[in-house]
Amino acid sequence: MVHLIAILSAAVQAADDPGADAEGDEVVVTAPETQDRADPMATPASVTVIAVDERLPASSDVSTVVSRASGVTVQRLGGLGDWSGVSIRGSTMRQVQVCLDGIPLNPDGTSAVNLSELPLWAFETIEVYRGNAPPELGAAPIGGVVDLRTGDRDEAGSGGSVSWGSHDTFRLSAMTHVPTTLGERPADALVVAEAFGTAGDYPYFSDNGTEYALLDDSIEERANNDKRQATAHLRFRLGDRALRLTLLEAFVSRDEGLAGHASSPTTAVSLRSVQSVTALAVERGTATWRGELRGWARLRKETYDDRLGELGTGQQHTDDRFSSLGAQAHLRRRVSDNVLPAVTFAVRHDGYASTDLLAGAGSAGPEHGRLSLTPAVSADLRFAEERLTLSPVLQGVALLSNEGDPILAPTPRAGLLVRPIEVLAVKSNVAWTTRPPDFTELYGDRGAIIGNPELSPESGLQWDVGLRAVTPSTAKAQASVEVTLFENRSDELIVVVQNSQGTGVPVNLSKAWVQGVESSVHLGLGPLDSQTNATRTRSADLGSRPQYANNQLPRVPLWELSQATSLAWGDRVRLGHTLSHTAANYWDRTNFYRAAPRTLHGAFARVRPLERGPHIELGVRNLFDRTVEVVPRNPLDPSDGARIVQPITDFTGYPLPGRTWMATLRWSPEPPSSPAPEAT
C-alpha cells in the first residue's frame, strides 16, 4: 500500500502539470491493444460483449442479461429479485469470477456472487469470458469471468424509471452522468441509485415432499419470500486515457426472507446483507506503454436469523463478516508492432469471522485469514500482418493461510487466434487452473448449506477451439455465427450436493469431466435484432465409487437454448420476445433427484407516445404460466413408464414462479443515432 500511495501521489502531481513527461513520448488516447481486449474478432478469448441499451426490456436484471451469452447457465432461488448466480461451461458458481470495471468481487472463487445485488443500468456493457480471460484481469478461473463495465460515456445525461408488477414488486432507479473539467483535465461523475422490493408471494405447486402420493398435492403460496434492497453505484474520474484516476464505490443493503425448500417452507428465517466495494485506480499510457494500478476494499456483513430452527440443522442466529483487501498492477509495453509483452502482479488478503448471536457477547468464533499472491508474465505475439496472434500467459498463485499448509499452484494458459480473411476467425485456448475452497465451503454452518473442513483445493485443465464468422462491415445486414467445442477436466472438483435432509454439503469429486459445444447466431437487419444460443454439455463423475461413476454432474443440464428477438420502429415502438429452455438436471451425485425440464417464454412491448416523453413498457415473464412438468417417476429406470407431476424448480428444489408482469415508466437520455450491434 505504501507503493500504491506513492504512485497515486506522483499521478496527482502529473495531473497538476499536464506537460510533465520525462521521456517526452507522444500521449495517445487509446492504445490499439486496449481496444482489442474484448473485440471477439481480435482476441483469442471466447468472449461475448452485451450492450446494456434500449434493446433490453426495462425489467431486465444482470442475471437475465448474462444468460444471453452462450455457454452460460443462471441458477435462481425463485422469483423476481431472488438470489441468482452464474455458471459457465458446466462450472460451479464459485468458479466464475465477477468483476466491476476489473475489480474482482470474488477473486480466486472466494464466494458465489449474487447477481441480483448489482444494478444493471449502472453498466454500459457486460463482457462474458468463457474460459481463458485477459491477463490484465489477473484471473484464471475454471469457468470464466463476467466483467461489468461502466464504460466511457462522453455525453451528459440523466434518466430514471419507475416499475410496478406482480406480487407487489417495485423498482425505482435513477442515473446521472455529469462530464466537466478540473483545471485543464476532463472529469466526469456517474451516479446510479436503485431501490427494489417485492412480497414474492407467488403460488406454486407442492407435492408435499411425497412424489408418489398424489392425494396431498396442492397449490401453495410462497411465504417469507419478501425482498427489500437499496443500491448505490458512484464513479468519479479525472483525466483521459493518457492519465486517469478513477474512484469507485458500490454499496448494497439487502433484507430478505429465506423461503426454504418447496416441500419445507419457512415462516420467519431472514438474512440481512450489507456490502461496500471501494476501489481506486490509476491508468497511465503513452505511445509505447500502458500501466494500470488498482487497489480495492470489499467489506461484507451478513446477519442470518433462524431462531425457530426452520432451515438447516437447528436454531441459528449468526453474524458473518467477510473482507477482501487487494491491489493489482498491470504494465504492457509495445516492443514492436509484433511483440507486446506485459507483467501483472496482484496481492490480496481475505478474512472471515463468524459470531454466534444466540450465545451472547464474547461468542465470536476464530478469525480465518488468507494471503494471496498472483504474479504473471504474458505477451501478444502477432505475425503475418496480424493474421496470426499467439497469447501465452505464465501465471501462478500462492495462498498462505493462518491454518493449514500453503498452496502453490501454476496456472499457465495460452490463446491462439488465426484470421485467414477479415471476416473469419479461428480460436483456440488452453489453461491450467486451480481454486481453493472458500471460507463458507470450509467453515459455513448456516441455513441450507453446511461447510466441510476436509475439502481439498480443486484444479483442472480446460481447452477450447472455435470458429467465428461475421458479415463485412459494409453489408446492409450485420450477422455473426460462432461455434466452439470445449472441454474441462477437473481433479477434486468441489460441488454442493443435496443430502437426505435436503441440506446442501460441498464435497470433492476425485475426477470430473465436462465437454460441450456452444453456438450462437446474431442478426441485425434494420429494425430487427435477433440473438440465438444453443449449448450442449455432457458431464461425468469419474470417481471410482460405483454408485456415482459416470453419472451426470449436479446442476449441469445437457441442453440449454435461448433466443431473444426485438423489433423497433425508431425510438417510438419496440416489441420483443425471449425463449429459454433448460433440460432436466440432477441435484445429487446419484442422479435420482432431478429438476424438471423447463421451456419459458417472455415478451415485452414499449411505446413512447411523445417524441421527448418517457417510455411506457409492459413486460411479462413465463408468458404461458408454466409451473409444472410431467416427468418419469423413476429416472434411474428407463423401463418404468409411470409419470408424475413435478414442480418447475431450480437450485435444490426452490420453485420458480408462474406468469409475472412488470409495468415501467422510464425516462432515458437520448439514445445514439445508430447504436452499435450487439457483439457475441
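Quick caveat: nothing in here was measured; it's all calculated off a predicted structure. Sequence positions, counted from 1, serve as the residue numbers for this chain. Keep in mind that the numbers below use all heavy atoms, side chains included, and drop hydrogens, waters and symmetry copies.
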Are the side chain of [X] and the backbone of [Y] linked by a donor-acceptor contact shorter than 3.5 Å?
| X | Y | value |
| --- | --- | --- |
| K427 | T484 | no |
| T537 | G90 | no |
| E283 | R241 | no |
| N585 | P557 | no |

Mind checking whether [X] and [Y] have side chains closer than 4.5 Å, heavy atoms only?
| X | Y | result |
| --- | --- | --- |
| V347 | L371 | yes |
| R419 | E385 | no |
| S562 | S67 | no |
| V65 | F123 | no |
| Q95 | L493 | yes |
| L388 | L416 | yes |
| S70 | E482 | no |
| T344 | E136 | no |

Of all the heavy-atom pairs spanning [X] and [Y], show the shortest one and how long it is.
| X | Y | result |
| --- | --- | --- |
| T92 | I494 | CG2-O, 3.3 Å |
| W121 | P57 | CZ2-O, 3.8 Å |
| N106 | S111 | ND2-O, 3.0 Å |
| C99 | D147 | CB-OD1, 3.3 Å |
| R76 | S84 | CG-CB, 3.8 Å |
| I50 | A69 | CD1-N, 4.2 Å |

Does a sphere of radius 6.0 Å around CZ in R538 hold more than 12 heavy atoms from other residues, nucleotides or ligands, not counting ones at 6.0 Å or beyond?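 Not buried by this count: 12 neighbours or fewer within 6.0 Å.
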
Distance in Å, T389 OG1 paired with R382 CZ, rounded so as to fall on 0.5 Å steps: 5.5 Å

If you round to the nearest 0.5 Å, how far is OG of S391 from CG of L417? 7.5 Å

If we count only N and O atoms by modelled type, under 3.5 Å, do the side chains of [X] and [Y] hold a donor and an acceptor together?
| X | Y | result |
| --- | --- | --- |
| R555 | T73 | no |
| Q395 | R413 | yes |
| D61 | S63 | yes |
| Q563 | T532 | yes |
| N429 | D464 | yes |

Ion pair present between [X] and [Y], side-chain N to carboxylate O less than 4.0 angstrom?
| X | Y | value |
| --- | --- | --- |
| R244 | D152 | yes |
| E54 | R574 | no |
| R332 | D380 | yes |
| E124 | R149 | no |

Residues in salt bridge (charged side-chain N to carboxylate O under 4.0 Å, His left out) with R348, at least two apart? D108, D350

Ring geometry between H577 and H601 (parallel below 30°, tilted from 30 to 60°, perpendicular above 60°): tilted

Under the side chain to side chain donor-acceptor pair (under 3.5 Å) test against R237, which residue among T246, T150, D188 passes? D188

Of the options S580, S519, S520, which is the one that meets N533 in a side chain to side chain contact (heavy atoms under 4.5 Å, CB included)? S520

